[in-house]
There are 4 protein chains.
Amino acid sequence: MIKVIIAGFKGRMGSAAVKMVQEDESLELVALVDPKTSETAVDGIPVFNDKLSLVGFDADVWADFTIPAVAFENTKFALENHFCPVVGTTGFTESQISELISLSQVNKVGGLIAPNFAIGAILLMEFAQKAAQYFPDVEIIELHHDNKQDAPSGTAIKTAELIKEKRSFKKQGAADEVETMAGARGAEFDGMRIHSVRLPGLVAHQEVIFGAKGEGLTIRHDSYDRVSFMGGVNVGIKKVVEIDTLVYGLDHLL
Amino acid sequence: MIKVIIAGFKGRMGSAAVKMVQEDESLELVALVDPKTSETAVDGIPVFNDKLSLVGFDADVWADFTIPAVAFENTKFALENHFCPVVGTTGFTESQISELISLSQVNKVGGLIAPNFAIGAILLMEFAQKAAQYFPDVEIIELHHDNKQDAPSGTAIKTAELIKEKRSFKKQGAADEVETMAGARGAEFDGMRIHSVRLPGLVAHQEVIFGAKGEGLTIRHDSYDRVSFMGGVNVGIKKVVEIDTLVYGLDHLL
Amino acid sequence: MIKVIIAGFKGRMGSAAVKMVQEDESLELVALVDPKTSETAVDGIPVFNDKLSLVGFDADVWADFTIPAVAFENTKFALENHFCPVVGTTGFTESQISELISLSQVNKVGGLIAPNFAIGAILLMEFAQKAAQYFPDVEIIELHHDNKQDAPSGTAIKTAELIKEKRSFKKQGAADEVETMAGARGAEFDGMRIHSVRLPGLVAHQEVIFGAKGEGLTIRHDSYDRVSFMGGVNVGIKKVVEIDTLVYGLDHLL
Amino acid sequence: MIKVIIAGFKGRMGSAAVKMVQEDESLELVALVDPKTSETAVDGIPVFNDKLSLVGFDADVWADFTIPAVAFENTKFALENHFCPVVGTTGFTESQISELISLSQVNKVGGLIAPNFAIGAILLMEFAQKAAQYFPDVEIIELHHDNKQDAPSGTAIKTAELIKEKRSFKKQGAADEVETMAGARGAEFDGMRIHSVRLPGLVAHQEVIFGAKGEGLTIRHDSYDRVSFMGGVNVGIKKVVEIDTLVYGLDHLL
């Protein structure tokens, strides 16, 4: 049984994490942290206002879904007290991340800071990067609801950047290609093409399509609901107790 | 049994049509026409150099896969001799088509001139046009091999034009939509978006995606091989004998 | 402006319908009906406990999302008072439907009883039925969440029945086909095959795949949310005022 | 420049390999081997009837597309003469493979015996196996032309076996699941389901669909033409010169 403390348990991610930990028989929720609440226990789980009360507490993992202003100090505290941090808060600076990694190595405590807990999206990016080594011809189609302001999506750009790292550069399409209607061939990124579809009813979807002589390989991720992030938090909790350094990015643990 | 004459039987479409007619038990190949060949029979089917030799011949349908220069005269000849023409040659002028339609009505002979015999593509366009009446939010993704020069494809533009006829105009996407990379949202046509994917391995594919609150409807056509046109020729042959006017476009017979 | 009365406005469908009518500028919500509520008005719209109070009321359409026990009498009342009924309640007997159709014709009042308001699903079935006339080779894949008890889904069976009506019978697959693992080829229905996928994360999806020499045609419907039914209710309200008989099934109005 | 000998250059795979090597600027075709041909050169490349004539020949790779009866001796010969073997012939016994691996290690010569050179199919299997570690809910849909006799396909079964190695066992679907039509839920393999679609027009396609709360991940491979195998042969040739043991399966080099 991995004993888990959850800080920031009243927010959207935090409360989903409470539910996830309680439903997993290999995890035990041992403490909740929130500086402002007046409750002393929830479902029999003790609630603490001050993290200092947890010095010496019997726990393995410190899952943190607080705000950027406190997450850095929380993570330091966790590392110093040998609770493996699993941090979903974003907004750390590079120097903060470096400092936390050093601290984790000094204390030999595993940890994870993850800007993205969607395992499916991370696997898609990893697979796409690998396939690009063998299939340099690739196009990305990302599909979102029609209230999304920016195109392409951040995930599509990130995917293209990861592909670029491994793909032999190639300007795709016919040499004499002509757009009879501007934009038909999508956005160009390093010779690849990215297409953004916006329609009501859609949530967040992405397809990476590779083509080669006589074959095609397509990887698609469909994201319907934020609840999907909890799979990644679950993996993070189970993996950090097995390592002895803090890593940035869930991809390092998959 | 429908008795079929095939003119232009040595070309790519014509020879495929010979094979198709011979394999269909409800069709009988009764004559072949080619002005230049020296053969007098192929597989026991008589071959004629001059169409005038076929005046009074016992046949129902005149399938024509000749060149534009002779197809018009051939079609007139067929109508005047009560052979229902099924014509795959393109390049007729509007006035030629009008003249042939009038002639067919005077003679009460059914007929078909079809610029496109791909039933799947025609059904896709018909279905897309109908769905657009209920789902004004629609994007088209067409995918072709990477030697294709023009984008979007002719079929995609034709599909968009047909949709436009029935769809209530709508400028799609978010009102404050921003392309952070030019072309990401594809080509705009009447407020719709068209995206052109080009990859080796692909042949000719098209998806029309409709989105509405809480649902989506997608229609996709995959074309792998020219042999698919024969299904349309087959339908044409069987339908023209049941009508008493010439029509332009296989969609009128589906 | 079409003036709409909504009966059963407190239920899930009814309250969604209230919102839909209020958001459509070509519709005007003029009255609400519920036998048990104590409110006399909601958002300025009068609420009635007894339908008899609406005799002579100025309205065009009676949208009914009540329970089977009252929907029949409500529909009769609507037809007799020249409110075009749009009824989403299911459970009418065939003789009740016949009686209502006769009554509508006597009164020359349009109306709609619809067991299914999902336009996308209805269009998919219509398109599949049409395509099956030209492509006798077809398989259905339906995909649902993994709590669904029955397989195949009712919609898949209904789709197969509609296809059967128009398709030339064909036993699909190779003549010497062998299942090395039982069930691999799915359920057989009139020579067609139906496959049921069950996975967490999925909602309700259906693909109908047609194949022919050298081409394929796929029609897919994705249903994410009950809100999608409101598009069908909207179409129903706008169409019933243009007809002078009651019809059973939204497909008759598409 | 990697210097390549091709044995069995007159067969379907061998002749495609000749073309592929000639078109790749980083490869040089230096010799062809066929015991029965009377030609002494093809396109200026020397042809040998007896492999013994190649002892001491200046080459790096021995690509072998011969028949099982000679491939084993050929591979031994290549390893002994420090030509890295890339062997597409199937039918080796386990003890033959062990013997060849030992011989390669003694001689410190890299090599590859590959029952499957389709990179896309191999990547699909690798990705599916990895994803299954995080997403235990998975179904496989394989789609082939309707002349295929067996269902499921060998690739689908192989994929399921690979997934099984890494996936926590789970009996999928609802606990109270009922097939109202036998076979609807497909074939069961270790709690997973496999569905086989057979339609004219299709070639060889496979989808592996993972589902989890709020998300889905789909990996699809489309195989249209045997030419796709050449990408794998190309990778094999380039990788074997960098290793010092023979491996079985292209997946070990991707």
Side-chain angles (χ1 to χ4, degrees), chain A residues 16 19-20 23 26 116-138 166 168 203-236 238-239 250-251 253-254, chain D residues 16 19-20 23 26 116-138 166 168 203-236 238-239 250-251 253-254:
Chain A
K19 190 154 175 288
M20 180 274 291
E23 286 172 6
S26 65
N116 185 349
F117 275 112
I119 294 180
I122 292 167
L123 289 177
L124 173 139
M125 286 189 262
E126 180 188 321
F127 297 164
Q129 194 180 43
K130 173 136 197 196
Q133 297 173 44
Y134 305 101
F135 297 130
D137 289 282
V138 52
K166 298 288 184 180
S168 311
V203 188
H205 318 260
Q206 180 167 298
E207 270 187 25
V208 184
I209 311 178
F210 294 91
K213 277 187 192 165
E215 70 180 318
L217 182 70
T218 301
I219 311 166
R220 178 179 174 117
H221 182 242
D222 295 279
S223 179
Y224 301 115
D225 195 302
R226 204 173 297 263
V227 71
S228 65
F229 299 155
M230 286 306 122
V233 175
N234 185 282
V235 167
K238 290 174 180 171
K239 296 272 187 174
L250 182 58
D251 48 317
L253 301 183
L254 296 185
Chain D
K19 191 155 175 285
M20 179 274 291
E23 286 173 4
S26 65
N116 185 350
F117 275 111
I119 294 180
I122 292 167
L123 289 178
L124 175 139
M125 287 189 261
E126 180 189 321
F127 296 164
Q129 193 179 43
K130 174 137 196 194
Q133 296 173 44
Y134 305 100
F135 297 129
D137 289 283
V138 52
K166 297 288 184 180
S168 312
V203 187
H205 317 260
Q206 180 167 299
E207 270 187 23
V208 184
I209 310 178
F210 295 91
K213 278 188 191 166
E215 69 181 318
L217 182 69
T218 302
I219 310 167
R220 178 178 174 117
H221 182 241
D222 295 280
S223 180
Y224 301 115
D225 196 302
R226 202 173 297 264
V227 70
S228 65
F229 298 156
M230 286 304 123
V233 176
N234 185 282
V235 167
K238 290 174 181 171
K239 296 271 187 176
L250 183 58
D251 48 315
L253 301 183
L254 296 185

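Here is the naming used below: chain letters follow the sequence lines, and residue numbers restart at 1 for every chain. The shown structure was predicted, so the numbers you read here are calculated from the model rather than taken from an experiment.
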Extract all donor-acceptor atom pairs below 3.5 Å that involve side chains of residues 209-219 of chain A and protein atoms in other chains or at least two apart in sequence.
residue, atom, partner, partner atom, Å
A:E215, OE1, D:G120, N, 3.3
A:E215, OE1, D:H221, NE2, 2.7

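For the set A:H205, A:E207, A:E126, the entry with the most heavy-atom pairs within less than 4.5 Å of chain D is A:E126. Contact count against chain A (heavy-atom pairs under 4.5 Å) is highest for D:D222 among D:D222, D:D225, D:V235.
For a residue to count as touching a neighbouring chain, one of its non-hydrogen atoms must lie under 4.5 Å from one of that chain's; by this rule D:L123 touches chain A with the side chain only. With a 4.5 angstrom heavy-atom cutoff, D:Y134 touches chain A only via side-chain atoms. With a 4.5 angstrom heavy-atom cutoff, D:Q133 does not touch chain A via any of its atoms. Heavy-atom distances place both the backbone and the side chain of D:V227 under 4.5 Å from chain A. Using a 4.5 Å cut-off between heavy atoms, A:F229 does not touch chain D at all.
When the side-chain contact (heavy atoms from CB on, under 4.5 Å) test is applied to A:A16, the partners found at least two apart in sequence or on another chain are A:M230.
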